[in-house]
Amino acid sequence: MEAEYNPHAIEKRWQQRWLEEKTFATGRGGEKYYLLEMFPYPSGKIHMGHVRNYSIGDVVARYQRMQGRDVLHPMGWDAFGMPAENAAIAHGVHPAAWTRRNIDEMRAQLRRMGFSYDWDRELATCDPDYYRWEQVFFLKMLEKGLVYKKKSQVNWCETCQTVLANEQVENGCCWRCGEETEGKDLEQWFFRITAYAEELLAGCDELKEGWPERVITMQKNWIGKSVGAEIDFPVEGRELKITVFTTRQDTLYGATFMSLAPDHPLAAELARGTGQEEAVAAFVDKMRRQERSDRDLAQLEKEGVFTGSYCLNPVTGRKMPIYLANFVLSGYGTGAVMAVPAHDQRDFEFARMYDLPIIVVIQPEGEERLDPATLTEAYTGEGVLVNSDRFDGCPNRKALDLIAAYLEEQGIGKKAITYRLRDWGVSRQRYWGAPIPIIYCDKCGVVPVPEKDLPVTLPEDVDLDGSGGSPLARVESFVKTTCPQCGAAARRETDTMDTFVESSWYYMRYACADYDQGPLEREAVDKWLPVDHYIGGIEHAILHLLYSRFFTRVLRDLGYIKFSEPFTRLLTQGMVIKDGAKMSKSKGNVVDPNALIEKYGADTARMFSLFASPPELDLEWNDQGVEGSFRFLSRLWRLVYALLPALNGVEAYNGSIAEVPAAYAGLRRKTHQTISRVRSDVEERMHFNTAISAVMELVNELKSYSCDQAREDEILAALLREAVETVILLLAPIVPHICEELWAEIGGSGELAYAPLPEVDPDSLIEDTVLVVVQINGKVRERLTVARDLDSEEVKKLALASSRVQKYTDGKTLRKVIVIPNKLVNIVV
RNA sequence: GCGAGGGUGGCGGAAUUGGCAGACGCACUAGACUUAGGAUCUAGCGGUAUAACCGUGGGGGUUCAAGUCCCCCCUCUCGCACCA
């Protein structure tokens, strides 16, 4: 054994060995455990976020193996996407070649980190053997009506030259490049995720145990369920009605006008012949232009225009002017809102702006009567109905149900539920993605590619010049085909699928990465799925995680799988930041993992990223902290080096604490306390930072023993052996290379990666004497060491007898003495 | 505006049930070893007027006892944002 810790040679040796011996392949027996981290986009270089994410995952994977589980821990590549295409445009490299090269580079880097993947299951989503199955899913979904094509206004990113799904637009900007998006009318393919809205929402309850509440809340809000009613308002003098959606049908009697979205289909129709045609057209036009420039809709003043038409309140018969209003969204509900200015702030502002009538229909109990004339804001609280005919006096909560039922009875409305969630637009006008398996025939129309003709492969020979439009549309050999139904000349769909489709099912494919008879091998998937523990960044709280939950349900309904929730437990780790900001090239605060590995080795990089903070918090990068982690590993190395002669050939202590001489009982106790702390920190809380500090304490304690001492005392040698083995075993999942090496040096038995974790001896945790704190009026004045479980009266006597205590009690009256066994005495004087 | 989560030494962070606030690490200080030290080891390290007092964003409360529970306020981060 070398005297100094030299990570590079060690790490290289063990990494090679793990690879050659396929140490981390599954099938060694034990209960299955599927641990997965979100797979990376192969940008070419791993970054600190990856190091952290995968270090956390690797600890869990290795820990579970040492717990006797059969662990599936795969890695692959989210390999389709725009950076490859942009690189092609900028540097003339083919996206396929660029991607392959990056994958090779990143795979090597991940190996250098010593992560325990089963590399035989590696997959890349740009591989036709992967995306061909996705095309199969597309066709089956089409058959089931879960895929459809429609022309609608979609989010267009000019920089990325493609359409984006709603989930991929943040504050009106592209999630990828940050450019503002614009509305564009395009014909697009959609996945009917809304068909699963209710189930996706209900499923959230199932996830409460294993998912962070934050993520569940975000998903729930995104789905955005509202329970209310749809109500029909007849248009005066025409055979037309306007249907609104409202959650406040209890305020129906107070509806005094109607607001429609500026792009409501009836807008022009309602204005016709009223003299308002021009005003309406001008307003609609203005709104359309404003859409792009003014994103801060919430700040915008209420604005609208009278259409010239009226509708009738179906319960009061009141004539209600119909307005177009800038705050009504066409995409939500029915795009029409009954306006109740007394009880809705937006309607109130609008009414004041255009001098529209306000009727109070809910009166807060026990308060002064609300007066429309003096109202300064809408009253949105609870109360009792007034001015509401037969419902007067009814509490408004109760009225919600009663009025909904009444509307149904009268045939003028019904209970209704609306979701905020929209269908998932999956068409992308880019090259580097999975082709959508559809053919357009002039005679037969939209024709799915027959399954036997799959995959529809991406043509290699493509001209990527960044000129816009779908690049595939310019590849004649790809576009030109024949109709599978009638044989006539036909064209292929030239859009590709959103890359989030690939990541919606890759975790299932790992169970059977080489299977070629279908997308999923039933037996393998039944065995391994769902994922027991999924680890990744919070940025996918909605996007990837929602799509995956949807896709899982689709595949279940297509008969491929039996489960509904893909990820039983989810850990969202925080960002890696430096100098108070997220690491980024533009800020110049990027730390390169490669440089770190070269300087300190992978174990140091792993250890620091686990030690600096608990996983769910942001991690502040600190170069000196890294140095500290390296120093600890060096200290550990030197400790084992120094004790080695006394440890070789010695069996770890295996007896009871009762037989340990008093002088060494503390060592035994510390060893087992450490096991206990590490186990609960890792198993229950996943707080590796405190687990590591517990081991550091044990190592600090071990420093006070010398090799010579141990050579003279068999029991001490056995205890030290036990302690050193414990340190190595507990740290093995965190810093595997150095631990493997030390394990080999001390002649540890068996393969470390599968060595059982040490068990706690409960007797060794118990101290014979305990420190009892003595407080006078809540302030610590004395510390007493007494026998454990000493009778409370005895403890009290001892406390009161202490000279230091007497100094405070002399001449005072004892009011009360509280004794907490084995902990504290509080004397109140 | 709504929702969620934070605020503890110079710094990252501990404190699992209300029971010694500051574990562990970094930085810092002193000493040892040394030709040398940005290596290593030992010791110290919340503040201050140091037998004492103060101290977990601020103020109040409950309690023998509060970082932890309750009320009010300030502040930061994240998410949603005219969703009818």
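Residue numbers start from 1 in every chain, and the chains themselves are labelled A, B, ... in the order their sequence lines are given, proteins ahead of strands. FYI, side chains are in, hydrogens and waters are out, and symmetry mates aren't considered; it's all heavy atoms of this structure.
Ranked by how close their nearest RNA chain B nucleotide is to the 5' end, A/K703 and A/R422 are led by A/K703. Both A/V337 and A/L617 lie near RNA chain B, and the one whose nearest nucleotide falls closer to the 5' end is A/L617.
Separating the P atom of B/rC69 from that of B/rG5 is a span of 12 Å, rounded to the nearest Å. The C1' atoms of B/rG38 and B/rC26 are separated by 15 Å, rounded to the nearest whole Å. Remark: the separation of the P atoms in B/rA32 and B/rA21 is 36 Å, to the nearest Å. For the C1' atom pair drawn from B/rU16 and B/rG61, the interatomic distance equals 27 Å after rounding to whole Å. Nucleotides B/rG3 and B/rC83 have their C1' atoms positioned 15 Å apart, rounded to a whole Å. Rounded to whole Å, the separation between the P atoms of B/rU56 and B/rG7 comes to 13 Å. B/rG6 and B/rG25: their P atoms are spaced 27 Å apart (whole Å). Rounded to whole Å, the C1' atom of B/rG47 lies 14 Å from the corresponding atom of B/rU8.
The side chain of A/N326 approaches B/rC82 more closely than any other nucleotide in the set B/rC82, B/rA4, B/rA14. Here B/rC83 is the nucleotide among B/rA84, B/rA14, B/rC83 with the atom lying nearest to any side-chain atom of A/R346. Proximity note for A/T690 (side chain, C-beta onward) versus B/rA14, B/rG3, B/rC20: the nearest is B/rA14. Closest to the side chain of A/R635, from the set B/rG25, B/rG12, B/rA84, is B/rG25. Here B/rG79 is the nucleotide among B/rG79, B/rA27, B/rC80 with the atom lying nearest to any side-chain atom of A/M218. Nearest nucleotide to the A/R420 side chain, out of B/rC80, B/rC24, B/rC53: B/rC80. In the set B/rG12, B/rA84, B/rA21, B/rA21 carries the atom at the smallest distance from any side-chain atom of A/V780. Counting only heavy atoms from C-beta on, A/N689 has its side chain closest to B/rG13 among B/rU16, B/rA52, B/rG13. Checking B/rU42, B/rC80, B/rC20 against the side-chain heavy atoms of A/L771 singles out B/rC20 as nearest. Closest to the side chain of A/E697, from the set B/rC24, B/rC20, B/rC82, is B/rC24.
Side-chain atoms of A/L260 and A/V328, non-hydrogen and from C-beta on, never get closer than 4.5 Å to each other. Counting only heavy atoms from C-beta outward, the side chains of A/L200 and A/I193 approach each other to under 4.5 Å. Within the 4.5 Å cutoff, the side chain of A/V805 has heavy atoms near those of the A/I776 side chain.
Going from atom CD of A/E627 over to atom P of B/rC24 covers 20 Å, rounded to whole Å. The CG-P distance, from A/L639 to B/rC41, rounds to 11 Å in whole Å. As rounded to whole Å, 18 Å separates atom P of B/rA84 from atom NZ of A/K415. B/rG79 atom C1' lies 9 Å from atom CD1 of A/I538, rounded to whole Å. Whole-Å rounding puts the A/M607 CE to B/rG12 C1' distance at 13 Å. One can place CD1 of A/I577 at 17 Å from P of B/rC76, the figure rounded to the nearest angstrom. The CG-C1' distance, from A/D347 to B/rC83, rounds to 13 Å in whole Å. Rounded to whole Å, atom C1' of B/rG3 lies 13 Å from atom CD1 of A/I542.
The ring pair (Phe, Tyr, Trp, His ring centres under 6.0 Å) test applied to A/W637 returns A/Y5, not counting sequence neighbours. With sequence neighbours left out, A/F245 forms a ring pair (Phe, Tyr, Trp, His ring centres under 6.0 Å) with no residue at all.
Salt bridge absent: A/K670 and A/E701 never bring a charged side-chain N and a carboxylate O closer than 4.0 Å. In this structure, A/E4 pairs ionically with A/R638, as a charged nitrogen and a carboxylate oxygen lie closer than 4.0 Å.
A/K779 comes within 4.0 angstrom of the backbone, heavy atoms only, and of no base. Among the protein residues, A/V817 comes within range of no part of the nucleic acid, since none of its heavy atoms lies under 4.0 Å from any strand. When heavy atoms are screened at a 4.0 angstrom cut-off, A/G628 is found touching the sugar-phosphate backbone but no base atom. Within the nucleic acid shown, A/R781 comes within 4.0 Å of sugar-phosphate atoms alone, with no base atom in reach, counting heavy atoms only.
Phosphate proximity of B/rA84 to A/S226: present, with a side-chain N or O under 4.0 Å from OP1 or OP2. Under 4.0 angstrom from either OP1 or OP2 of B/rG19 there lies no side-chain N or O belonging to A/R783. In this model, the phosphate group of B/rC41 is approached by a side-chain N or O of A/R638 to a distance below 4.0 Å at OP1 or OP2. Between A/R677 and B/rA14 there is no side-chain polar atom (N or O) within less than 4.0 angstrom of OP1 or OP2. Look at A/N700 and you'll find a side-chain N or O under 4.0 angstrom from OP1 or OP2 of B/rG25.
Scanning atom types as modelled, no donor and acceptor separated by under 3.5 angstrom connect the side chain of A/K823 and the base of B/rC20.
Helical stems in RNA chain B, defined as runs of 3 or more consecutive Watson-Crick or G-U wobble pairs with both donor-acceptor distances under 3.5 Å, are listed by first residue as B:1-7 with B:74-80, B:10-12 with B:24-26, B:28-32 with B:40-44, B:57-61 with B:69-73.
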Short heteroatom pairs, N/O only, protein and nucleotides 60-71 of chain B, under 3.5 Å:
{"unit_1": "B/rC64", "atom_1": "OP1", "unit_2": "A/K816", "atom_2": "NZ", "d": "3.1"}
{"unit_1": "B/rC64", "atom_1": "O2'", "unit_2": "A/N826", "atom_2": "ND2", "d": "3.0"}
{"unit_1": "B/rC64", "atom_1": "O2", "unit_2": "A/N826", "atom_2": "ND2", "d": "2.7"}

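For residues 215-229 of chain A, every residue pair satisfying the side chain to side chain donor-acceptor pair (under 3.5 Å) rule, not counting sequence neighbours, is listed here: A/E167-A/W222, A/E198-A/K225, A/Q219-A/R549, A/S226-A/Y332.
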Could you tabulate the donor-acceptor pairs under 3.5 Å formed by side-chain atoms of residues 821-829 of chain A, not counting sequence neighbours?
{"unit_1": "A/N822", "atom_1": "OD1", "unit_2": "A/D789", "atom_2": "N", "d": "2.8"}
{"unit_1": "A/N822", "atom_1": "ND2", "unit_2": "A/D789", "atom_2": "OD1", "d": "2.9"}
{"unit_1": "A/N826", "atom_1": "OD1", "unit_2": "A/G778", "atom_2": "N", "d": "3.0"}

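Glycosidic conformation of B/rG60: anti, with the torsion beyond 90° of 0.
By the 6.0 Å contact criterion, NZ on A/K414 is open, its count of non-hydrogen atoms from other residues, nucleotides or ligands being 12 or less. A/R781 CZ: more than 12 foreign heavy atoms inside a 6.0 Å radius.
Side-chain atoms of A/H343 come within 3.5 Å of backbone N or O of A/Y379 as a donor-acceptor pair.
Side-chain polar atoms of A/Y641 and A/E2 form no donor-acceptor pair below 3.5 angstrom.
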